[in-house]
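Bear in mind the structure is a predicted one, so any value in this text is a computation, not a measurement. Atoms within each ligand, like the ligands themselves, are counted from 1 in listed order.
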Amino acid sequence: MQISRHPTRPIEGQVPGTSGLRKKTRVFMQSHYLENFIQSIWNAIGGLEGKMLVLGGDGRYFNDRAAQVILRMAAASGARRVIVGRDGLLSTPAASHLIRLHGADGGIILSASHNPGGPEADFGVKFNTANGGPAPESLTRAIHDESLRLSEYAIFEAADLPLGQIGEHSFGGMTVEVVDPVADYRALMARLFDFEAIAGLIAGGFRLRFDAMHAVTGPYARDILETALGAPAGSVVNAVPLPDFGGGHPDPNPVWARDLVAHVMGPGAPDFAAASDGDGDRNMILGRGIYVTPSDSLAVLAANAHLTPGHAQGLRGIARSMPTSRAADRVAAARGLPCFATPTGWKFFGNLLDAGHVTLCGEESAGTGSDHVREKDGLWAVLMWLNILAVRRMSVADLMAAHWAEFGRNYYTRHDYEGIDSAAAAGLMEDLRVRLPSLPGQDFAGLRVAAAEDFAYTDPVDGSVATGQGIQIGFDGGARAVLRLSGTGTEGATLRLYLEQLREAPEDLHADPAEVLAPVARAADVLAGIKARTGRTAPDVVT
Ligand code: G16
């Protein structure tokens, strides 16, 4: 085996964010860029000698090239075995499952998630650890540190592997096993859910549509929803993964999946619709005439999980990211379950899941999952919903109405100000931080601040502390505004403003969320000076 050791120099900015390293594709394609980052991962985990990894990605532009480079670098560093999805494809939850199933030492997932793909768009690399979950902050920091002292990387000089062929290939001293990306994941879903009940629902005339947004979930959704569960061919739309996702943002929300939303709001709407993102870990849930917010979806899944075989024993606890609405907390309180609020980033759920403190986790950013893997899981959420609907035999709209009647309704929306000047964004947050102690008791646009904090989290399992995780403002009357900067963008800064208002009176449960939340939005704007500091008169994206 011929191994080359390439001299290299540290590259600035290889700092993993909320979820892995995300950069413009052209940045990743620069000479040594990908190689430097991968070698930094190998170094940070103590080398690859004798180790087993899982490798796959969401199929975006450069996925195929990056997979070949990573395999050659794994062989050069002494890995024993790499399990790779056919054509280098694996959804994020499927990769997490394979790591756990095979007891691998970790895995590399090639994805920038919901960010667009293509030579002028975004690419990303995530490292997941042996529990199947995203690398914790201690490891991402170590990877960055390694990237700053790198002087060489090792690569096996060999021709490309035929990743389209399922089976084992010997590659230098390493074995590469190319697997069907769907098969093991389908088997896991069949254990967690009552496929017979869901198939019965569909056979009875229940109509569904799943929009795979030309991203990785297409093959999974076709195989499970159409082939295994009997949804008519064509129920899964945009099912073929494309390197540029057909030119769209593979982000399942009412903005980027507006065609699907229009479909459920129009004549001839199906009973149920859903979409997933680039790498298959996000989900959006819709019913005829209704959009379910991700925060509400988490609460509904928590309240009904016991109706599915995978959670028939009930839940141990629930975790949500801090900006996610407190709808799930209300279910937890009613059922006497522990409830945790973590910083944004699925990596913060890992310890809670591993220690058995929680079973369900969810985020406002369209992520829900359970202890079956250590990532959020889009298709899992869809199957959970279908299983619950198959048992409860009611429409999505009726299920939501019943849920709000029982637990109250946490009206919720998120405003994103994208691509704003990084210094202006940092200044806005810093200024707010400084003013936090003086805010309680002050009125802003007619709302009085009850509490204000800079969210910090102490992991109850390992005691690690994460500070500066978003500013949380509580107002009299149960409203809340949260401000934080996104950690997944690749251009300038994105300011996220999360707005929430609880209503419990029966006559208040079916109002327009935008109207209910308008006073909170005004108060947050005046309080933080969003318009004045960013120069923006309105958010770019409202979900
Ligand atoms: C990632 C993380 C999520 C997070 C989301 C948004 O999701 O895994 O935990 O909620 O980013 O993060 P931010 O608000 O910092 O942009 P994904 O689907 O992009 O991997």
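Checked against side chain to side chain donor-acceptor pair (under 3.5 Å), Asp540 has the following partners two or more places apart in sequence or in another chain: Arg536. Evaluation of the side chain to side chain contact (heavy atoms under 4.5 Å, CB included) rule for Arg65 yields Phe62, Gln68, Asp160 as partners, not counting sequence neighbours. Residues satisfying the side chain to side chain contact (heavy atoms under 4.5 Å, CB included) criterion with Leu242, sequence neighbours excluded, are His214, Val240, Asp244.
Between the CG atom in Asn115 and the CZ atom in Phe245 there is a gap of 9.0 Å [rounded to 0.5 Å].
Each of Thr18, Ser19, Arg22, Ser113, His114, Asp277, Asp281, Arg282, Thr344, Gly345, Trp346, Glu363, Ser365, Lys376, Arg484, Ser486, Gly487, Thr488, Arg496 has a non-hydrogen atom positioned under 4.0 Å from some atom of ligand 1.
The aromatic rings of Trp346 and Phe349 sit perpendicular, their planes meeting at an angle over 60°, well past the 30° parallel limit.
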Derivation of the salt bridge (Lys or Arg N to Asp or Glu O under 4.0 Å) call for Asp122 and Lys24: CA-CA 4 Å; Asp122 295 349; Lys24 289 288 167 207; 3.0 Å; yes

